[in-house]
Amino acid sequence: MSILVTGGAGYIGSHTVAELVAQGEDIIVLDNLHTGHKKAVQVEKFYQGDVRDTALLDGIFRNHRIEAVIHLAAQSLVEESVTDPLDYYDNNVVSVHRLLSKMHKYDVKNIIFSSTAAIYGEPKQIPIQESDPTEPTNPYAETKLAVEKLLTWCDQAYGIKSVSLRYCNAAGAHPNGEIGEAHDPENHLIPIILQVALGQLEYVSIYGDDYPTDDGTCIRDYIHVMDLAHAHYLSLQWLREKGESRIYNLGNGTGFSVRQIIDQAREVTGHSIPTRTTARRPGDPAILIASADRAKKELGWTPEYSDLQTIIQTAWNWHSRHPQGYKSTVR
Ligand code: UDP
C-alpha cells in the first residue's frame, strides 16, 4: 500500500519524502509546485496539481491503494495570511475538507497533519505543553487550528485517525546536501543569514531588539528538518500500531535568540554577516519554545540533529552548494 504525501515537493515535504523512501515506504506525491520544487523529490508517482481539485483526488484514490495521507500542502506565511485571509482559508482549510471527504469516500483511515506551534499564540508558559490554550494571533495559525478541530470531529464521526504535529521552527537541510530550503522570496531567518554569507544580500535585518529577552531579540526553538521528517515516519507507525489520534509538539525544548543564530552562523560560515536592527515584525511572539516530551515518550522520538551548530552547518552545506536553490540543481 502507498502513502500519499501532499506538499511533498516543499521544504519539510521533500525531507519527509526522502526519509519515508529511506524507510522503505511506497510514496505518492501531490504538489501544485507553487512553492515546491519538482527537483526536490525523487519518486515516480508524482502528481502536479492542487489538493482542492476533487477530480484529481478521485483519480489518485481510485488508482492507488492508499494506506495513509501525510498532509503538508499549505500556505505558511503569517504576514500574507493577514493580508489575504480568504486565500489562506481556501488553501489551508477548504483543501483539507475536500481531502477528508475523499478519504471518507475511499475508506482511508489515517492522516498525519502538519500543524504549527504558532497556534498557541503568545505562550502562557515556557516550554509550551500540548494542553496549553490555543489562541492564534493570525489567520495562518487559525487555519491550522481549524483543521485540528475538524480532524477531531472526523475521528468521532468516521473513525479517521490523525496525528497533528505542531512544529517549531524547521531549519537545516538533508545531510546528503542534495535537498534543502529554497523559498522565493526567502522569509526565514537562517536562509536569509546564509544569503548574506553568500554575498547575495548586504545585511540581515533584525526584527526588533527591544523584546523582553536577554539580548532583546526574539527567541525560537529551531528543530532540524530531518528530525521533523523522522517524526512523520514515527507517527505513521503509531497510527499503524496504536490506531489512536494524537497531537504532538515537535521542538528541541531549547531556544536561541536571533543574535545567537547570527553568531553561530558567523562561526560556521566564517563570514562577518552584517546586521541592521529594524522594527518588530507584526505578530511575532517574544519567545516560542515547546516541550516535545509527549512525542518522545509515546513515539520514541529522539531528535538526532538538535545541536545548533549541526543545524546551521547542514543548512550551509546546502546553500553553499546550491546558491540559486533548485535553479542551480541539475537532475
Ligand atoms: N527574523 C529576523 N530577520 C529576518 C527574518 C526573521 O529578525 O530577516 C526573526 C523573526 O522575527 C523571528 C525569528 O527571526 O523572531 C524567526 O523567524 P522566521 O521567519 O525564520 O520563523 P517564524 O518564527 O516566523 O516561524
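Ligands are counted one by one from 1 in listed order, and the atoms in each one are counted from 1 as well. Quantities reported herein were computed from a predicted structural model and do not represent experimental measurements.
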Item to check | Donor-acceptor contact present, side-chain Gln200 to main-chain Pro323, <3.5 Å | outcome: yes

Item to check | Any donor-acceptor N/O pair, Asp227 side chain to Glu304 backbone, under 3.5 Å | outcome: yes

List every atom of ligand 1 that sits less than 4.0 Å from any heavy atom of [X], numbering the atoms from 1 in the order shown and giving each element.
X      : answer
Asn187 : 5 (C), 19 (O)
Ile206 : 7 (O)
Ile192 : 8 (O)

Checklist outcome for this item: side chain to side chain contact (heavy atoms under 4.5 Å, CB included) with Ile287: of Asp221, Ile128, Ile126, only one passes, and it is Ile126

Next on the checklist: With heavy-atom distances below 4.5 Å as the criterion, would you say the side chains of Ser235 and Glu298 are in contact?
Outcome noted: no

Item to check | Within-4.5 Å side-chain heavy-atom neighbours: Ile66 and Phe61 | outcome: yes

When you measure from [atom] to every protein heavy atom, which one gives the shortest distance, and what is it?
atom                    : result
atom 1 (N) of ligand 1  : Tyr207 CD1, 3.6 Å
atom 9 (C) of ligand 1  : Val258 CG2, 3.8 Å
atom 15 (O) of ligand 1 : Cys218 CB, 3.0 Å
atom 20 (O) of ligand 1 : Leu189 N, 2.8 Å
atom 25 (O) of ligand 1 : Asn169 ND2, 3.5 Å
atom 3 (N) of ligand 1  : Ser205 O, 2.7 Å
atom 24 (O) of ligand 1 : Arg281 NH2, 2.7 Å

Checklist entry - Will you find, in the side chains of Asn110 and Arg240, an N or O donor that is under 3.5 Å from an N or O acceptor? => result no

Checklist outcome for this item: Filtering His188, Glu181, Glu186 for the heavy atom nearest atom 18 (P) of ligand 1 leaves His188

Checklist outcome for this item: Closest to atom 11 (O) of ligand 1 by heavy-atom distance, out of Thr277, Thr278, Val204, Asp284, is Asp284

Checklist outcome for this item: Residues at least two apart in sequence or cross-chain that pass ring pair (Phe, Tyr, Trp, His ring centres under 6.0 Å) with Tyr47, listed by chain then number, are His64

Item to check | CD/Gln125: more than 12 non-hydrogen atoms of other groups inside 6.0 Å | outcome: yes

Item to check | Proximity of Arg280 to ligand 1 by residue part, where a heavy atom lies under 4.0 Å | outcome: neither

Checklist entry - Is the closest heavy atom of Tyr222 to ligand 1 under 4.0 Å? => result yes

Next on the checklist: Under the rule for side chain to side chain contact (heavy atoms under 4.5 Å, CB included), what residues qualify as partners of Pro282, not counting sequence neighbours?
Outcome noted: Glu79

